[in-house]
Amino acid sequence: MAATEIARQAGEGARAVPLSGHVGFDSMPDQLVNKSVNHGFCFNILCVGETGLGKSTLMDTLFNTKFEGDPTQHNQPGVQLKSNTYELQESNVRLKLTIVNSVGFGDQINKEDSYKPIVEFIDTQFEAYLQEELKIKRTLHSYHDTRVHACLYFISPTGHSLKSLDLVTMKKLDSKVNIIPIIAKSDAISKSELAKFKIKITSELVSNGVQIYQFPTDDETVAEINSTMNGHLPFAVVGSTEEVKIGNKMVKARQYPWGTVQVENENHCDFVKLREMLIRVNMEDLREQTHTRHYELYRRCKLEEMGFKDTDPDSKPFSLQETYEAKRNEFMGELQKKEEEMRQMFVQRVKEKEAELKEAEKELHEKFDRLKKLHQDEKKKLEDKKKSLDDELNIFKQKKTAAELLQSQAQQAGGSTTLKRDKERKN
Amino acid sequence: MEQQKNLEGYVGFANLPNQVYRKSVKRGFEFTLMVVGESGLGKSTLINSLFLTDLYSAEYPGPSHRIKKTVQVEQSKVLVKEGGVQLLLTIVDTPGFGDAVDNSNCWQPVIDHIDSKFEDYLNAESRVNRRQMPDNRVHCCLYFIAPSGHGLKPLDIEFMKRLHEKVNIIPLIAKADTMTPEECQQFKKQIMREIQEHKIKTYEFPETDDEEENKIVKKIKDRLPLAVVGSNTIIEVNGKRVRGRQYPWGVAEVENGEHCDFTILRNMLIRTHMQDLKDVTNNVHYENYRSRKLAAVTYNGADNNKNKGQLTKSPLAQMEEERRDHVAKMKKMEMEMEQVFEMKVKEKLQKLKDSEAELQRRHEQMKKNLEAQHKELEEKRRQFEEEKNNWEVQQRLVEQQKLDASRTLEKNKKKKIF
């Protein structure tokens with residue numbers, strides 16, 4: 001038996017010891033399986049393809065049940081994703097199945113951004129898981145995993161080649177999700193055309209560097225069947241929920257005037273192969289790949305974007321605490337700096353305003369000083385005028401007094417003269 | 001949101017369990033078992049008996065043979081294979097435990113070891129570049145109780161109290177062949193009483209939906225703690241080769257359910273509950289450790305009262321929130337500062353205005369004053385001028401009169417003369 005991963009990891013540090021009897025740990029896989037069965041399984045499929053390629057019908061056929069409602073019209077303004085979750089049970093196995101359908105894909109005139117809602121959807125699921133994983137109190141055990149485990153990409157049965165929309169979309173999705181390309185409504189293609197079509201598609205995918213999901217060949221139990229199936233990709237499928245009587249059985253089929261296409265007939269289409277590979281053999285591997293490859297890639301990119309990085313593995317071991325502390329300190333430092341800056345700005349403004357006001361005050365004082373001076377001058381002039389008036393007054397007074405004195409003297413003299421005259425007269 | 005749907009035919013996902021089985025066998029299994037107890041309690045013998053191998057031998061002696069001055073924690077890794085299933089078994093033992101005269105803190109190296117394994121796992125889990133992580137956490141701790149027959153020793157209680165929230169503890173009564181069944185019963189009752197009294201949480205068997213299984217589980221629970229006997233020697237009893245201990249009075253068989261609970265222990269530990277022990281370690285003990293560790297990091301320095309109920313956020317989300325709070329705080333601060341600034345400026349401007357008005361008023365006042373004085377002066381001058389004019393007029397009149405008078409006199413004089 002090949003060495004297990006654990007054994008490889010243990011390396012030289014573990015010694016192999018023989019057992020002298022039946023210990024009983026060979027029940028471990030069963031214990032594990034029992035626990036998973038009790039817990040239930042979860043699987044999420046994303047169907048991407050143009051409207052009318054039979055996505056919903058194929059899902060109904062694959063899971064043998066009628067899922068969604070009405071078929072969509074072609075008049076969608078943009079690409080939307082509609083998801084529905086179903087609880088299925090087969091024997092004792094419970095499966096929580098989520099089917100996400102791309103609505104309106106390929107219907108717009110300008111399809112440049114058609115892939116964006118799809119990528120966004122896938123990233124959102126990764127993000128939700130990442131957030132849960134990073135929480136302090138987390139419940140990963142009971143978390144409903146919504147990450148997309150498989151993406152069925154529906155190719156139009158043109159018979160020629162992939163459309164550029166297909167190539168662009170698949171290229172954007174191949175690092176985020178397991179892509180399984182399928183040729184839809186393949187009953188429109190004849191067998192010879194189909195072979196050429198498949199070869200063309202595969203070569204186009206390879207030449208454009210699109211990584212599609214390869215069924216794993218590392219486990220001997222399934223290596224053979226998986227590698228055979230890998231050669232049949234992309235699967236040409238036909239879906240139908242209608243039943244037609246063939247022989248004495250009712251089978252799922254599509255009836256044409258020229259014959260009946262039986263869905264589960266391997267000569268007619270690859271539906272059975274798809275079901276085998278997708279559900280019966282590799283469902284768990286699809287889930288595992290999503291978790292260990294696509295999710296890890298998303299997580300790594302996201303953390304690096306946020307500035308986290310592992311310290312050099314050769315030096316001291318990585319410490320989560322230190323990284324968080326460093327991040328936090330950096331972050332707090334930034335905030336402090338911003339606060340300081342704001343304060344400084346305010347101080348500056350205050351200074352400026354104060355200077356302004358001081359200027360204004362100064363101006364005011366100067367104005368009033370000028371006025372005061374003017375006033376002083378005026379006053380002085382007035383004083384002078386007053387003084388000159390007073391002087392004139394004084395002169396006049398003096399004159400008057402002098403005149404009056406003279407007059408009174410004259411009068412007195414006149415009086416005496418008159419008296420004298422009178423006296424003379426008398427005489 | 002979820003709808004129950006019935007399948008109308010074969011789909012194939014019932015094969016999922018097989019897929020899981022296949023993958024798990026390919027990956028292999030790992031389990032870490034810790035054994036703790038004073039020396040001489042038969043720990044190594046029990047491990048050898050449990051795993052039917054010479055894990056401890058002359059070449060790799062058991063803990064009691066490795067005399068240490070202080071309590072050490074050592075681990076040995078062995079790879080065992082059975083039925084296509086490979087198991088990497090790590091046995092952690094603690095030579096020196098409880099052997100000193102003063103055993104205070106002899107549990108500390110054990111706690112440190114468990115924590116360091118949790119820390120390693122946490123660090124590996126938190127790396128940006130993650131690889132397949134080996135699970136070296138301690139999944140189970142077998143605690144050996146000396147068969148004194150009376151009850152738990154203070155050391156036993158102390159150890160279990162400190163470790164029951166870090167690891168799955170399965171207490172065992174060692175060397176059960178030194179007690180009679182009745183003594184054993186009593187001893188077990190006493191121990192369970194003391195365990196409950198001290199609120200020690202030992203490993204609990206999970207409830208299942210299966211009635212049968214639950215019955216088995218109940219039977220086991222009644223026999224706790226398990227009293228075990230181990231042996232490295234094989235003895236022939238009634239034609240059968242069994243593991244046992246040979247006494248002059250008989251053979252105590254290890255795998256005989258009436259002699260001791262060894263079979264129950266092995267079945268429970270290895271055959272039925274090994275996976276559950278790992279799950280409980282991962283989902284309960286490890287998560288406790290992790291949330292405590294991360295909470296300490298995140299809330300370092302932050303206001304703890306505010307954050308008590310918010311442990312469901314990731315540290316990054318926490319930082320985002322802190323950032324938002326800080327931005328809001330800054331905005332508020334900015335607004336307040338702005339307000340204060342505006343107010344002060346208004347005040348100052350108002351003062352300036354008032355002062356200007358005041359000065360203006362005074363200036364007006366003075367101007368008025370001056371004008372009044374001016375007017376007064378004008379009036380005075382006018383009066384003066386008037387008076388002066390009047391007087392001058394009067395004077396001239398008087399002068400004229402005088403002149404006239406003198407002229408008349410002259411005339412008269414002249415007249416008289418003639």
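- What you find for A:Ala360 and B:Leu352 is that their closest heavy atoms are CB-CD2, 3.6 Å.
- Interface residue A:Asp218: backbone and side-chain heavy atoms are both found under 4.5 Å from chain B.
- Looking at A:Lys379, the atoms closer than 4.5 Å to chain B (heavy atoms on both sides) sit in the backbone and in the side chain alike.
- Residue with the most contacts toward chain A among B:Asp120, B:Thr272, B:Leu359: B:Leu359 (heavy-atom pairs, distance under 4.5 Å).
- Residue contact with chain B, scored on non-hydrogen atoms closer than 4.5 Å, involves the side chain of A:Ser36 exclusively.
- The heavy-atom pair separating A:Lys367 from B:Gln360 by the smallest distance is NZ-OE1, 4.4 Å.
- A:Lys35 and B:Asp279 are joined by a salt bridge, as a carboxylate oxygen and a charged side-chain nitrogen come within less than 4.0 angstrom of each other.
- Between chain B and the residues A:Val281, A:Thr221, A:Val350, the most heavy-atom pairs under 4.5 angstrom are made by A:Val281.
- The shortest non-hydrogen separation linking B:Tyr21 to A:Pro29 is CE1-CB, 3.3 Å.
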Practice task
Take A:His375 and B:Leu370, measure what side chain to side chain contact (heavy atoms under 4.5 Å, CB included) needs, and give me the verdict at the end.
Solution key: CA-CA 8 Å; A:His375 177 84; B:Leu370 233 87; 3.3 Å; yes
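- The most heavy-atom pairs under 4.5 Å with chain A, out of B:Lys77, B:Arg130, B:Glu356, B:Glu30, come from B:Arg130.
- Contact annotation for B:Glu338: both backbone and side-chain heavy atoms come within less than 4.5 Å of a heavy atom of chain A.
- Salt-bridge formation is detected for the pair B:Arg381/A:Glu392: a Lys NZ or Arg NE/NH1/NH2 atom is positioned less than 4.0 Å from an Asp or Glu carboxylate oxygen.
- A side-chain donor from one of B:His326 and A:Glu339 sits under 3.5 Å from a side-chain acceptor of the other.
- Looking at A:Lys399, the atoms closer than 4.5 Å to chain B (heavy atoms on both sides) sit in the backbone and in the side chain alike.
- Rounding to the nearest 0.5 angstrom, the gap separating the CG atom in B:Leu377 from the NZ atom in A:Lys385 is 7.0 Å.
- Rounded to the nearest 0.5 angstrom, B:Met330 CE and A:Met342 CE are separated by 5.5 Å.
- Within the cation-pi definition used here (under 6.0 Å to the ring centroid, within 45° of the axis), A:Arg349 qualifies as a partner of B:Phe341.
- By the 4.5 Å heavy-atom criterion applied to side chains, A:Leu32 and B:Phe29 are counted as neighbours.
- Within the 4.5 angstrom heavy-atom criterion, atoms from both the backbone and the side chain of A:Leu88 approach chain B.
- The contact between B:Glu385 and chain A is made entirely by side chain atoms (from C-beta outward), counting heavy-atom distances below 4.5 Å.
- Remark: A:Lys400 engages B:Glu387 in a salt bridge, criterion side-chain N to carboxylate O under 4.0 Å.
- A 4.5 Å side-chain heavy-atom check between A:Lys137 and B:Asn288 finds every atom pair outside the cut-off.
- With a 4.5 Å cut-off on non-hydrogen atoms, B:Asn129 touches chain A through its backbone and its side chain both.
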Under the side chain to side chain contact (heavy atoms under 4.5 Å, CB included) rule, what do B:Leu16 and A:Leu95 come out as? Steps first, then yes or no, please. CA-CA 9 Å; B:Leu16 266 172; A:Leu95 177 68; 4.1 Å; yes
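- Neither the backbone nor the side chain of B:Ile234 comes within less than 4.5 Å of any heavy atom in chain A.
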- Message: Please evaluate residues B:Gln19 and A:Phe41 with respect to the criterion side chain to side chain contact (heavy atoms under 4.5 Å, CB included), reporting the C-alpha separation (whole Å), side-chain torsions for both, the decisive distance (0.1 Å), and the verdict.
- Response: CA-CA 12 Å; B:Gln19 296 179 31; A:Phe41 296 89; over 6 Å; no
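- Between A:Met28 and B:Lys278, the closest side-chain pair of non-hydrogen atoms falls below 4.5 Å.
- With rounding to the nearest 0.5 Å, the separation of CG in B:Asn15 from CD in A:Glu284 is 11.0 Å.
- Neither the backbone nor the side chain of A:Lys302 comes within less than 4.5 Å of any heavy atom in chain B.
- Contact count versus chain A (heavy atoms, under 4.5 Å) is highest, among B:Lys23, B:Lys348, B:Arg266, for B:Lys23.
- For a residue to count as touching a neighbouring chain, one of its non-hydrogen atoms must lie under 4.5 Å from one of that chain's; by this rule A:Arg300 touches chain B with backbone and side chain alike.
- Remark: A:Glu356 engages A:Lys353 in a side chain to side chain contact (heavy atoms under 4.5 Å, CB included) (not counting sequence neighbours).
- Side chains of B:Val11 and A:Leu62 form no contact here, defined as non-hydrogen atoms less than 4.5 Å apart.
- When heavy atoms are compared at a cutoff of 4.5 Å, A:Phe63 approaches chain B by way of both its backbone and its side chain.
- Among A:Lys252, A:Arg287, A:Glu304, A:Glu288, the residue making the largest number of heavy-atom pairs under 4.5 Å with chain B is A:Glu288.
- Listed here is the closest heavy atom pair of A:Gly24 and B:Ile270: C-CG2, 3.8 Å.
- In terms of heavy-atom proximity, B:His363 sits nearest to A:Phe368 at CB-CE2, 4.3 Å.
- For the set A:Asp30, A:Leu19, A:Asn92, the entry with the most heavy-atom pairs within less than 4.5 Å of chain B is A:Leu19.
- Looking at A:Phe25 and B:Arg271, their side chains never come closer than 4.5 Å, going by heavy atoms from C-beta outward.
- Contact count versus chain B (heavy atoms, under 4.5 Å) is highest, among A:Leu374, A:Leu357, A:Leu393, A:Leu97, for A:Leu393.
- With a threshold of 4.5 angstrom between heavy atoms, A:Asn282 approaches chain B through N, CA, C or O but not through any side-chain atom.
- Your options are A:Glu334, A:Arg343, A:Glu132, and the one with the most heavy-atom pairs under 4.5 Å with chain B is A:Arg343.
- Counting all heavy atoms, side chain and backbone alike, A:Val37 lies closest to B:Pro17 at CG2-CG, 3.8 Å.
- Here A:Leu364 is the residue among A:Leu364, A:Asn38, A:Thr65, A:Thr292 with the most heavy-atom pairs under 4.5 Å with chain B.
- For A:Glu296, the part lying near chain B is the side chain, with the backbone staying farther off; criterion is any non-hydrogen pair under 4.5 Å.
- Taking 4.5 Å as the limit, every side-chain heavy atom of A:Val17 sits out of range of all side-chain heavy atoms of B:Asp54.
- Residue A:Leu278 holds its CG atom at 12.0 Å from CZ of B:Phe13, rounded to the nearest 0.5 Å.
- Side chain of A:Ser91 to backbone of B:Ala14: no donor-acceptor contact under 3.5 angstrom is found.
- In this structure, chain A has no heavy atom under 4.5 Å from any part of B:Phe31.
- Counting heavy-atom pairs under 4.5 Å between each of B:Gln373, B:Lys367, B:Met333 and chain A puts B:Met333 at the top.
- Here CD1 of A:Ile395 is found 8.5 Å from NZ of B:Lys388. Values are rounded to the nearest 0.5 Å.
- The CG atom of A:Asp219 sits 6.0 Å away from the NZ atom of B:Lys26 when rounded to the nearest 0.5 Å.
- For A:Lys135 and B:Glu287, the salt-bridge test fails: no basic side-chain N is under 4.0 Å from an acidic carboxylate O.
- Using a 4.5 Å cut-off between heavy atoms, A:Asp285 touches chain B through backbone and side chain atoms alike.
- B:Asp276 touches chain A through backbone and side chain together, each having a heavy atom under 4.5 Å away.
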